[in-house]
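Note that ligands are numbered from 1 as they come in the structure, with each ligand's atoms numbered from 1 the same way.
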Amino acid sequence: MIKVAFYDAKAYDKPSFEQYGKSNDVQFRFLETKLNEDTAELARGCDAVCVFVNDDVNENVISKLYDLGVKLIALRSAGYNNVDVRAAFGKIHVVHVPAYSPYAVAEHAMALLLTSVRRIHKAYNRTREFNFSLSGLTGFDLHGKTAGVVGTGRIGRIFIDICRGFGMKVVAYDRFPAEDSGIDYVPLDELLKRSDVISLHCPLTEDTRHLIDAKAIGKMKKGVVIVNTSRGGLIDAEALLEGIKDRKVGAACLDVYEEEADIFFEDRSGHILDDDLLSRLISMPNVIVTSHQGFLTEEALNNIAETTVNNIRSYFDNDGICDNELCYRCGNIERCKKERKEKCF
Ligand code: NAI
């Protein structure tokens, strides 16, 4: 029996994970708390921990888990910026779910964009109060506008297809452009200057932190719509707020926020929100915030649970070899052992 401490468990997680773990070879200990230095101890007696995007798997946490005998960190997400993979190397193996439904996130990005440009969020509230006035609801056509897509991986490419379906022109920026993809790659500065809509689909790394800052916003078109379904840290939220106040940014659609870890995924209604920046952004009529729900479709939840349980089984039943293992050497042709179908260490 493989015992797994399942941190930051939510009501929507349990049905799918219980279903895929039901053959009783994997037993989950569902914990509502997030993983951090204070809660690592709760994994005592477990072979693995299963973590999500706002669990803080830093060097100290890894060291504590290692001392407890935990062998595997199984991320139930694609992004892994919250795990210090360098610190984990040589101690605990890390696996993730590289793709579960890129459609879920790309479709959510377009849902946010359409809601924003057609003022659906405002119309919904009005008609519920039998206010049928159209005043202030004028939007604009997406057809013929230019979408700038930053990051053309699994999600970015689907978002590009969706935009093309709407008759939009698409330009893209990626540090590693895909060859023969038919995508019109341009330098980032050009993308910022030309785009009516900018949608972020690259990972959060040292290079991409605050990719959208005051300088970048300064280069954008007046009235630009910024969509971020990737990671909050890609945007300097203070600079975004200034851009909105200056009327430079026409609208922002945010599924992620840099300081979301202690706020998102919880019911905070009835409480006073300490984060003034988020409160101010939410108070803006042209800002839509969703609480990191891009992934939240039935298809994605099932795929996440199935892949995570298979990752765990593969690691413990297959001599530690798992295709979805991650380490700081990943992709480094000479040093990456995974490329050679071996364990990372
Ligand atoms: P992916 O790995 O398939 O694609 C990422 C792309 O970004 C790649 O083409 C890569 O070359 C590019 N990239 C890397 N560094 C870059 C840089 N410095 N500048 C520009 N481009 C760069 O990832 P995928 O599956 O498309 O996911 C994208 C992001 O979406 C994830 O990193 C994650 O943060 C976020 N995400 C958000 C979810 C949500 O619920 N809101 C759910 C799943 C993922």
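Looking at heavy atoms from C-beta onward, T39 lies out of side-chain contact with L31 at the 4.5 angstrom threshold. Proximity of I321 to K341: side-chain heavy atoms (C-beta onward) are nowhere separated by under 4.5 Å.
The same ILVMFWY cluster, assembled from side-chain heavy atoms under 4.5 Å apart, contains both I62 and L326.
Partner F159 forms a side-chain contact (heavy atoms from CB on, under 4.5 Å) with one of R154, R164, M110 and no other, that one being M110.
With no hydrogens or angles considered, no side-chain donor-acceptor pair links N58 and D84 at under 3.5 Å. Counting only N and O atoms by type, the side chains of N228 and S230 include no donor and acceptor under 3.5 Å apart.
Sorted by chain and number, the residues within 4.0 Å of ligand 1 by heavy atom are Y100, V105, G151, T152, G153, R154, I155, Y173, D174, R175, F176, H201, C202, P203, T208, T229, S230, R231, D255, H292, G294, F295.
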